Amino acid sequence: MPRKNAVDAILAVEKLHEQVGPHLLITEIRTIAADNFWMSPCLNQDSVTTHFTLKPDWPAVSKLLPVIERELAPFGARPHWGKLFTMAPARLDSLYERLPEFLALARKYDPQGKFRNDFLNTNLFGAAS
């Protein structure tokens, strides 16, 4: 999320400790300088990232992720592509301003979707472009 929102976002997530705690292995908070990578959570903004390493219990985690995402939504949090998330493609489209250009390039250079998987088809290519 934008660095300016970090304290409020961390406090909002801290309120979830009773729900998150039983499923949590570790939490990591980092600051990252702005970059210019189209699909980066830090595109054009100094950011603070909160990473959750959760126990491998997908039924529980799949219920917990939307709660965490909902709590972080007011702070402009963008999911990391290497982490699990449940955010709808339309929401991703509103958070990643260069997503339409990225999708156009991907479709141009991989028109058959050979380098895609179910996750990308659902969460990235399902987004409005």
Side-chain angles (χ1 to χ4, degrees):
M1 73 227 43
R3 190 175 292 160
K4 66 182 181 180
N5 298 338
V7 172
D8 291 333
I10 292 166
L11 291 173
V13 170
E14 195 279 330
K15 291 184 226 173
L16 301 174
H17 73 273
E18 301 260 340
Q19 289 174 274
V20 175
H23 308 286
L24 187 65
L25 294 173
I26 193 165
T27 300
E28 174 186 333
I29 299 173
R30 298 185 306 151
T31 61
I32 302 173
D35 61 39
N36 62 357
F37 304 118
W38 289 5
M39 300 304 290
S40 169
C42 305
L43 177 66
N44 298 328
Q45 65 185 19
D46 290 333
S47 300
V48 169
T49 62
T50 306
H51 300 274
F52 300 94
T53 301
L54 300 165
K55 294 177 181 174
D57 178 2
W58 180 243
V61 170
S62 67
K63 292 177 185 155
L64 187 58
L65 289 176
V67 174
I68 295 169
E69 291 170 1
R70 190 169 37 253
E71 205 60 41
L72 290 173
F75 307 106
R78 298 174 182 160
H80 185 289
W81 295 104
K83 304 286 183 178
L84 294 173
F85 61 87
T86 61
M87 198 172 286
R91 176 77 175 131
L92 291 174
D93 192 48
S94 71
L95 292 172
Y96 286 90
E97 62 196 62
R98 304 296 297 267
L99 182 58
E101 293 155 286
F102 176 82
L103 293 175
L105 279 176
R107 287 181 177 121
K108 177 180 177 180
Y109 291 107
D110 183 24
Q112 268 63 54
K114 187 174 189 172
F115 296 102
R116 294 188 212 165
N117 57 30
D118 289 342
F119 179 85
L120 292 175
N121 284 332
T122 300
N123 295 293
L124 188 62
F125 290 88
S129 56

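Note that the structure is a prediction, hence the values are computed from the model and not measured. Hydrogens, waters and symmetry mates play no part in the numbers below; they use all other heavy atoms, side chains included.
What you find for Glu71 and Val13 is that their closest heavy atoms are CG-N, 4.2 Å. Considering every non-hydrogen atom in both Glu18 and Pro22, the closest pair reads O-CD, 3.3 Å. The shortest heavy-atom contact between Pro79 and Pro41 is O-CG, 3.8 Å.
The side-chain contact (heavy atoms from CB on, under 4.5 Å) search around Arg3 returns Thr31, Asp46, Val48, not counting sequence neighbours. By the side-chain contact (heavy atoms from CB on, under 4.5 Å) test, Ala60 is found to be paired with His23, Asp57, residues two or more places apart in sequence or in another chain being considered. Among residues two or more places apart in sequence or in another chain, the salt bridge (charged side-chain N to carboxylate O under 4.0 Å, His left out) test is passed with Glu69 by none. Residues forming a side chain to side chain donor-acceptor pair (under 3.5 Å) with Gln112 (at least two apart in sequence, or on another chain): none. Applying the side-chain contact (heavy atoms from CB on, under 4.5 Å) test to Asp110 and every residue at least two apart in sequence or in another chain returns Lys114, Phe115, Arg116. Residues satisfying the salt bridge (charged side-chain N to carboxylate O under 4.0 Å, His left out) test with Glu28, not counting sequence neighbours, are Arg30. Residues satisfying the salt bridge (charged side-chain N to carboxylate O under 4.0 Å, His left out) criterion with Arg98, sequence neighbours excluded, are Glu101. Tyr96 is linked by a ring pair (Phe, Tyr, Trp, His ring centres under 6.0 Å) to Trp81, counting only residues two or more places apart in sequence or in another chain. Every residue two or more places apart in sequence or in another chain was checked for a side chain to side chain donor-acceptor pair (under 3.5 Å) with Arg70, and none qualifies. For Phe37, the side-chain contact (heavy atoms from CB on, under 4.5 Å) criterion is met by Asp35, Ser40, not counting sequence neighbours. Here Phe119 pairs with Phe85 under the ring pair (Phe, Tyr, Trp, His ring centres under 6.0 Å) rule; sequence neighbours left out.
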- Please report the C-alpha distance between Leu54 and Leu24 in whole Å, then the side-chain angles of each, then the deciding distance to 0.1 Å, and finally whether the side-chain contact (heavy atoms from CB on, under 4.5 Å) criterion is met. CA-CA 5 Å; Leu54 300 165; Leu24 187 65; 3.9 Å; yes
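Under the ring pair (Phe, Tyr, Trp, His ring centres under 6.0 Å) criterion, no residue pair touches residues 40-59, with sequence neighbours excluded.
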